[in-house]
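What follows is a short report on a single structure.
In the text below, chain A, chain B and the rest are named by the order of the sequence lines, each starting its count at 1.
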There are 2 protein chains.
Amino acid sequence: MLIGELARETACDSETIRFYEKEGLISAPARSSSGYRRYQQEHVGQLNFVLHCRSLGMSLAEIRTLSAFRRDPSLACVEINTLIDGHIEQVHQQIETLKRLEQQLHALRQRCQEGTDAAHCGILQTLVQAAEGEGCVCHDAPLHTPGTAHPH
Amino acid sequence: MLIGELARETACDSETIRFYEKEGLISAPARSSSGYRRYQQEHVGQLNFVLHCRSLGMSLAEIRTLSAFRRDPSLACVEINTLIDGHIEQVHQQIETLKRLEQQLHALRQRCQEGTDAAHCGILQTLVQAAEGEGCVCHDAPLHTPGTAHPH
DNA sequence: GCTTGACCTTATAGTAGCTCCAAGGTTTGA
DNA sequence: TCAAACCTTGGAGCTACTATAAGGTCAAGC
């Protein structure tokens, strides 16, 4: 199987497959005499595993760790649980942060309902005032939202 | 005011201030004879505006657009509303996506409650099966979570 | 006058997870 | 024989910073 066929089968871009190989997330396939990558069925499984984990928002580092357990199933799974728990907590924090953000944005949006010019735009006024005034309490909570994954 | 003082006053790193200047988000200050940046009160306002918008999760491109309206208040504010609405929608989508993700992760976590080895770890088994099976419906929704901002 | 330390400058490289492009080689079908 | 569709590598680009190196400046203390 050439890289293009694997790409179609897994709905993953060829470039991304090469990238995952370089990053050690999938094993390097055999090469044809002309240097083309020749994939086997096992690579489909490996790649799908990575893509599935990515779709669950895991980082490449986390997936590398899980892959190690996949390769050597004698290892303790406590670490797997810890990894998943950590990831759940991360996602939970992101949700909470984004919810607060959503509320702030809705409040901001309320300030301008009609289309005039920017001089009278309540949104802009609010943003400028918030930046200049000391009493702005709407952004004292940290925002940390690490990027998550692409569709699988 | 030197860059360090502005940094302390706004709780923004000096490097980041220079970066914002290079990106055109704040105006370039006058320089002393030795090349040091000399900031005025207006720069504090500009920088706080940027930081506040960042704390609301806006991208630098969005902030550039808002800054233009701030500089020229005769422009229509319809675009401001559109920008904010788009941003709210983005945040809303992120929240929905992350909520689905959270549920999937909780379901996954249920698969392994006790610490044995990875061979019998339900989490790993589930991940591997999900990757290999066709019938995995748990990751057909796209995940797009652009990074958001740091605390202000 | 000299040294020390805190400040400032620019330029460059690194982070995550890809994505895109250029310049070339290979294979397949008409 | 030729074109289209594939493949290769290497490098740059994206976001929003962060970190480092190598050097210049300035004020205080001795």
Side-chain angles (χ1 to χ4, degrees), chain A residues 1-26 28-39 47 50-65 87 90 94 142-152, chain B residues 1-26 28-39 43 47 50-65 67 87 90 94 142-152:
Chain A
M1 199 192 311
L2 292 181
I3 199 168
E5 200 179 335
L6 178 61
R8 275 186 296 276
E9 191 162 315
T10 57
C12 175
D13 198 81
S14 301
E15 306 270 12
T16 306
I17 297 174
R18 279 190 279 260
F19 172 73
Y20 285 161
E21 180 188 329
K22 203 177 61 179
E23 293 293 308
L25 290 164
I26 56 178
R31 299 286 185 127
S32 73
S33 57
S34 58
Y36 285 19
R37 288 172 177 82
R38 293 283 178 188
Y39 291 99
L47 181 53
V50 172
L51 292 172
H52 182 67
C53 289
R54 285 293 298 139
S55 81
L56 290 172
M58 294 178 199
S59 70
L60 300 192
E62 287 172 325
I63 299 171
R64 245 186 299 267
T65 304
H87 190 58
Q90 218 179 79
Q94 281 180 33
L143 264 180
H144 281 297
T145 310
T148 49
H150 285 273
H152 174 190
Chain B
M1 199 192 310
L2 291 182
I3 198 169
E5 198 178 336
L6 178 61
R8 274 187 297 276
E9 192 161 318
T10 58
C12 175
D13 199 81
S14 300
E15 306 272 10
T16 305
I17 297 174
R18 279 190 279 259
F19 172 74
Y20 285 161
E21 179 188 327
K22 204 176 60 180
E23 293 293 308
L25 289 164
I26 55 177
R31 300 284 186 128
S32 73
S33 57
S34 58
Y36 285 19
R37 287 172 177 82
R38 292 285 178 186
Y39 292 98
H43 294 104
L47 181 52
V50 172
L51 291 173
H52 181 68
C53 289
R54 285 293 298 138
S55 81
L56 290 172
M58 295 177 197
S59 69
L60 300 191
E62 287 173 325
I63 299 172
R64 244 186 300 267
T65 304
S67 294
H87 189 58
Q90 218 179 79
Q94 280 180 34
L143 263 180
H144 282 297
T145 311
T148 48
H150 284 272
H152 173 191

Per-helix bend value, the helix from C:dG1-D:dC30 to C:dA30-D:dT1, C1' rotation axes over five pairs per end, 10° rounding, shows 30°

For the pair B:R18 (side chain) and B:K22 (backbone), establish whether a donor and an acceptor sit closer than 3.5 Å, ignoring hydrogens and angles.
-> no

Only counting residues at least two apart or in another chain, list the ones meeting side-chain hydrogen bond (donor to acceptor under 3.5 Å, both in side chains) with B:S34.
-> B:S32

Could you work out which one of D:dC17, C:dG17, D:dC26 sits closest to the side chain of B:Y20?
-> D:dC17

Judged by atom type as modelled, is there a donor-acceptor pair below 3.5 Å linking the side chain of A:H87 to the main-chain atoms of A:L56?
-> yes

Phosphate contact (C:dT26 OP1 or OP2) by A:S32 side-chain N/O below 4.0 Å = no

What distance do B:L51 atom CG and B:L25 atom CG have between them, rounded to the nearest 0.5 Å?
-> 10.0 Å

Side-chain contact check for A:R31: nearest option of C:dC18, C:dT10, D:dT9 is D:dT9

Between the protein and nucleotides 3-8 of chain C, which nitrogen or oxygen pairs come in under 3.5 angstrom?
unit_1, atom_1, unit_2, atom_2, d
C:dC8, OP1, B:I3, N, 3.4
C:dC8, OP1, B:G4, N, 2.6

Which nucleotide, D:dC26, C:dG17, D:dA16, lies nearest any side-chain atom of B:S34?
-> D:dC26

Select from A:S33 and A:E15 the residue whose nearest nucleotide in DNA chain C is closer to the 5' end of that strand.
-> A:E15

Dump every N/O contact between nucleotides 28-30 of chain C and the protein below 3.5 Å, one line per pair.
none

Non-neighbouring partners of A:Y36 that pass ring-ring contact (aromatic ring centres under 6.0 Å, His included), sequence neighbours left out = none

Between CD1 of B:I26 and OH of B:Y39, what distance do you get to the nearest 0.5 Å?
-> 5.0 Å

Could you pull out the protein-nucleic contacts involving nucleotides 1-4 of chain D (nitrogen or oxygen on both sides, under 3.5 Å)?
none

